[in-house]
Amino acid sequence: MSLTILAIDDSSTMRRLVQSTLVQSGYAVEVAEDGIDGLEKLDQVKPDLVITDINMPRLDGFGVIEGVRAHPTFNKIPVLTLTTESAAEMKQRARKAGASGWIVKPFDKDKLLMAIKRVCGV
Amino acid sequence: MSSDPLDEIRIVFFQECSELLEELEDGLYAMRDGEETDDTVNAVFRAVHSIKGGAGAFGLDLLVSVSHQFETVLDKVRSDQLETTPELIDLFMRCADKLQDLVQSAKNGQDSDASVCDALVAELLRYDAPAAAPVAAAPAASGDEVAFQVAPLDFSFDDEDDTPAASGGWTVTFTPHAELYQRGNDCCHLVGILKDMGAVSVRVETDNSPAWDSLPVETPFMVWTVEMPGDTSEDDIREVFEFVEDDCDLKVERAASDTPAAPQADEFGFTPTQLDLSDDPEDDFVPQKLDLDLDLPADEPTAATPVEASPPAAEPTPPVQVDDKPKAPAAKPAAAEKKTEAKSEAASTIRVDLNRVDRLINLIGELVINQSMLAQGFQSLDAPVSQQLSDGLGDLRQLTRDIQDSVMAIRAQPIKPLFRRMSRIVRETGESTGKQVQLVTEGEATEIDKTIIERLSAPLTHMIRNAVDQGLELPETRLDSGKTEVGTVRLTAVHRSGRVVIEVADDGAGVNRKKVREIAVEKGLVDIDAELSDSEIDNLLFMPGFSTAKAVSNLSGRGVGMDVVKRSIQALGGRVSLESEPGKGSVFTISLPLTLAVMDGMIVRIDDQLMVVSLSEIIETIRPTAAAVHQLTPTQRVILVRGEYVPIIDVGFELGFRPRLEDANNGVILLSETEAGDRSALLLDGIIDQRQVVIKGLEENYGEVPGVAAVTILGDGNIALILDVDGLLRLSEDTRLSDAA
């Protein structure tokens, strides 16, 4: 059974890029447009993994990570941040909020898939 | 269509870019006007950030480098490390302009001038001074990513181990902390990757595990030891643990030279379910513990009692501890609940291919024609029509009209983006002419047909440049004449009686009428002793080939004068005129139809032809009396309308349908006003009725026909010409001049 991934990004370009890359690799992908949208979709999508952007309106990526970690059902699923914020400070902040790992934009397919493998095994 | 998904995403990217650029500009304007909130700055930052993200994905390096540095400085503003100044906002605006250019050229597959980008980046860097050093060298996005690679690796390497491909393999010892699981990571996956990389053996030690009965559920106790082949690079091994390096104790060491035996590697299973079955004799783990571990992999954590990492059997070189990496200073608390309403508004829109809308509009056009044919058909039946039928026809008419309005509204767009583009023109023209200008815009929300907006861009740009370049005075001159140093260009849009009226006003010197007249005479455009009203002189500017600029500046365009502006606006069914007051400034007024597809027209008869005059051009209809009409010359007549003499234009004659109508009393007069305020009286043979007509272009097939704007299909299927009043006026001028000659 393929993994279901919830990709959260306010940029439609990024959503399409991530979705297209992952679908090609055999994952089921659902998308959300910002943090609030993403957290609202958790119960419906039941993701095995969340990939989230950091800079988003309404609720940013840190908020998403905290929201996932506070979720009664999905608090233990891996969360990867996908962001151009490659500064160490950002990663630390994401880690502190409970992120499992990070992918730096612009990503290439292998980098993305390897990051997923590290946190999901497949 | 769907050949390469990346191509499709590219299209999405450019669409998104134009939205982001608009947001960016909106935000910058708010910042300039001191109306910004935290949200504004965040939105501006995000816009640049998203452009950078997408640009990176498509390898648009210039776009990445400018937006990266732009973003860096914006971040400083966002985090209150940098105060905004007018100069900074100005720089931001120029950066936004540049981003727009770069996006545009990327979209068209053109190269961009890197030197301009470099100059901008350099300017931005000045604001990024304190932390500039490392970033400055490599502003590309990938630069800092490299900087983050685990740094302590090299120095902690001991000299005895400088032969990576040494005989011994690697011993990876790995003790997870509770936090590793809390962050959604899982040892099994990491070990799985090591296995893929060629791990020779995996051991799990559970020596530290308490007895099953007293086992705390949330605490991991296992120590994993993985033997890797010697030809694996240490960096590759460490990379696997990149995400968890702070959540575990990790040692990657050279194994003793005696290569570890590779016992039945195949029997090692690394996926959770398989691990359970592992019967490796070396593994003395407690099976139940592992079961628990696997069934509830995520349930382990909290209160991590420190687990002593038991050293593996082999005791080789000193361990390289990754864990000693200093923790970055704790970041500010997440800005969690930031709400902006704009997003939810945007979510209620859909993108539709313009062709589909246009097809719909065409069909509606046909429906309108069909409806009127139907109505006309019933009328000519001459049979008694039941109340029900006539009500139904009335409803159909109303519905058709409503559908038409609704469909037109789909094509209507606020004029705001166009106005925003003009602000850039003002800025650039002001800069290059040394004039200080502020642009004031009003009525940005006014909606008008998309195509009209697009085609208005060029003439409006020209008019704005003209207003700054030739309308406004230099700062010193302005001060001398008691004005403020900063000139104002005012751009307004407003709906007025079924049309959109756009005004470009400047508070400059106004038209120099004496000079305009001189030039016009000199160029042979008017007679030396012609009597011209002020308004007539002003409107000489619209005559072909007229240009008052002494030197042709590159701004106002070479040889392209206001006549081209006028023509392109006329092509849109619009009119343009100029009003000027010496010393106070000039106002250009453009009047445009709301749509290019339909109009309310008056059906008139000329000889035996039916023609249409746009209702918006008619002030009133007059049945002329002998007393009101005065013959000035054999070819020129005027009619007295409330004390004003208005020249009569005999439309039938001008268009060549019939000889002059000797007795004007036999015809009907349509009083019409041009944008310049000149009135003219169109003499026709009769008025039929008033209805909505669908405009069909003529130019594509016949080129420009003087006096005719377009054609339409009437209810009975016949074709009728739509008259161009301004064109008729010109025609009659020509006739008058040739008669006089």
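Hydrogens, waters and symmetry mates play no part in the numbers below; they use all other heavy atoms, side chains included. First the proteins, then the strands, lettered A, B, ... as listed; each starts at 1.
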[X], part contacting chain B, at a heavy-atom distance under 4.5 Å:
X      : result
A:R118 : both
A:A99  : backbone
A:I65  : neither
A:S12  : both

Inset, instruction - Name the member of A:S100, A:G101, A:G35, A:C120 that forms the most heavy-atom pairs with chain B at distances under 4.5 Å. - result: A:S100
Inset, instruction - Please determine, among A:L49, A:L80, A:V119, the option with the most heavy-atom pairs under 4.5 Å with chain B. - result: A:V119
Indicate yes or no: does [X] engage [Y] in a salt bridge with an N to O separation below 4.0 Å.
X      : Y      : value
A:R16  : B:E8   : yes
B:R238 : B:D235 : no
A:D34  : A:R58  : yes
B:D196 : A:K117 : yes

Inset, instruction - Would you kindly say whether A:S11 and B:E16 are connected by a side-chain donor-acceptor distance under 3.5 Å? - result: yes
Inset, instruction - Can you label the angle between the B:H49 ring and the B:F45 ring as parallel, tilted or perpendicular, going by 30° and 60°? - result: parallel
Legend entry - Portion of B:F14 that has a non-hydrogen atom of chain A nearer than 4.5 angstrom: neither
